[in-house]
Amino acid sequence: MIKLLKIEYQKIAPYKTFWVLFGLYFAVLGIVIFGTQSFINEFFVDVRKNSPIPIPTVSLYNFPDVWQNITYLGGYFKIFLAVLIVILVSNEFSFRTIRQNIINGMSKSEFLKSKLLFIFTISLASTIFLFVSGLILGLTHTSYISLSKVFNNTYFLFVYLLELFAFLSFAMLIGFLVKKSGFAIGILLLYSYIIERILWYKIPEEVSQYFPIRMIGKLIDVPNTSLMKIFGINFRNFVSYIDLLIVLAYTILFVFLTYLLLKKRDI
Amino acid sequence: MLINEFLSCKKKKDVFLQKNNNLKETILSINQLSKHYGRIKAVDNLSLDIEKGNVYGILGPNGSGKTTTIGIVLGVINADSGSYKWYGNELTNNERKHIGSIIETPLFYPYLTAVRNLKIIADIKDFGYESIDNILKTVDLYGRKNDKFKTFSLGMKQRLALAAAMLGNPEMMILDEPTNGLDPQGIAETRDLIKRIASEGTTILLASHLLDEVQKVCTHVAVLNKGKTLFSGDVDEVLTDTFTIEIASENLSELKKIVSDFPNLNSISNEADKLIIRIKGKTNCQDLNSFLFNKGIVLSHLSAKKKSLESYFLELLSEKND
């Protein structure tokens, strides 16, 4: 396992495109997570001036709410990582290095395993980034801190990890399926942002609510803020087990389909 | 104590016997392999045995199924039917690690340097990095070892592929068109290198469309066209200038049946209203004529032609193209 991960690392270590995109991802993620509060504050300054009723201050960074808030925000940026995965997978096909890897003695399932390990590592890196950010933000913004308060709701981080892993497995499947990076990125974006969304409206809710991108996206729901409560909107502030199971099943399906593709096709 | 000694002796003997057996061991045996792409038959019922220590050439024009065959036996292309066995077993990763292969074109990560590319291969094969520098020196790329693969010329890429195949002193090397894209000097050097590797006991399977190359490097050859083996055997036997004799009689199929019993016969092929047969050794027309006469066949046509190998090879290929 360490060996496979080491090989993956050797492949990307001097690959500039990867590190630029990877760095950009964390930069954007950091700016958004650390900056949203002040953006909302700015916004409320204006709103309060014209509001007939008093609007309470919204704090995103209080323990334990911070975990849901930042994992929810972070979920929007997983597409960056998905594009990265698609590029790395389709590169193996366009350079035909997958063929050379296999000829040299890597089995097809080892090849798949190495990509899965890589996806997991990247998902984990992002999760750890959120964990550290959450700790910093929480500690600096919560007035009364207790250990249970800090770690309450940290399960959102695990759910976030699953959310990333599931989505990146989907990206990997597309990479293996399409093999050309530009084309694969196009299909990934098109499906995630347009095709499935159209289907949500065309197909009855009972069925379309279980579509993969929708399921992955709604694992962590929009956080409830006091503001939302004012408007009478109530989102889920918990994660449903059924959702977790369905997303897990989707992930297994994506990996299994990738395995079938790899096994049946000539490389 | 004694038992231990006995056991260790026995073990040594077993190892020794095994080594001796290995000398005549069939490394790769291909059995009636077929593969088609759409309507095109890339490999058609191909059978071939490769024994340890020999240098096998697969000779055939472009598109004759050489690369597909190699892809199949290395497990990257799925065959439609037929089977192949490595050391009498199914292909495993461990065996692949001990086979150094080049397929078609050099395949490397373009943004990685020569050394980094080789390190990845060494990691996959579970070998150390120690031999990398020496191998790069052997293929004359040491000076460019820290340059990216994409900056290499075709010849250098080909040499790096050869270096990759040599990594870890494999027992068997599969080289698909290893001199493609090299300049004349590079071609000569590569052929010498292959011969040197072979002389150290490495079994080599070399695919090439160059008759000259196979003649110079290989001990055995199989000539392939349209996915079919036209003939195979020792290079000295198959690829030497021999007599070609044209014969004809009233009943061609009868003639073909009888002439196939003729000793030293190399091949028979049909051409319009006559048979073309190749004979090895010093047999002459008289022997053939009296052999057939004794069998009750009277020839209506008999003519002997000495042909150069090159023209024979070309003729053989064009014949099968009809």
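Protein chains get the first letters and strands the later ones, always in sequence-line order, with residue 1 at the start of each. What you see is a predicted model, and the numbers here were worked out from it, not measured in a lab.
- For the atom pair NZ (K145(B)) and CG (L141(B)), the distance works out to 12.0 Å, reported to the nearest 0.5 Å.
- Contacts between L112(B) and chain A at a heavy-atom distance below 4.5 Å involve the side chain alone, from C-beta outward.
- In this structure, no portion of K150(B) lies under 4.5 Å from any heavy atom of chain A.
- When each of L167(B), D126(B), L91(B), I72(B) is scored by its heavy-atom pairs under 4.5 Å with chain A, the top score falls to D126(B).
- Contact annotation for K6(A): only side-chain heavy atoms (C-beta onward) come within less than 4.5 Å of a heavy atom of chain B.
- Using cut-offs of 30° and 60° for the angle between ring planes, the F22(A) and F26(A) rings count as perpendicular.
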Exercise for review: Please report the C-alpha distance between Y25(A) and S126(A) in whole Å, then the side-chain angles of each, then the deciding distance to 0.1 Å, and finally whether the side chain to side chain donor-acceptor pair (under 3.5 Å) criterion is met.
Suggested key: CA-CA 9 Å; Y25(A) 166 74; S126(A) 176; 2.7 Å; yes
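- Proximity to chain A involves both the backbone and the side chain of Y109(B), based on heavy atoms less than 4.5 angstrom apart.
- Here N104(A) is the residue among I267(A), N104(A), I7(A) with the most heavy-atom pairs under 4.5 Å with chain B.
- Annotation: F170(A) is in aromatic contact with Y191(A) [ring centroid separation under 6.0 Å].
- Annotation: maximal heavy-atom pairing with chain A below 4.5 Å, among T113(B), I77(B), I124(B), occurs at I124(B).
- Between chain B and the options R265(A), K11(A), K264(A), E110(A), heavy-atom pairs under 4.5 Å are most frequent for K11(A).
- Only the backbone of K263(A) comes within less than 4.5 Å of a heavy atom in chain B; its side chain stays farther off.
- Interface residue Y37(B): only side-chain heavy atoms are found under 4.5 Å from chain A.
- A donor atom on one side chain and an acceptor atom on the other are found under 3.5 Å apart for E92(A) and T97(A).
- Ring centers of Y160(A) and F156(A): at least 6.0 Å apart, outside the cut-off.
- Between W67(A) and F131(A), the two ring planes are parallel [angle under 30°; tilted spans 30° to 60°].
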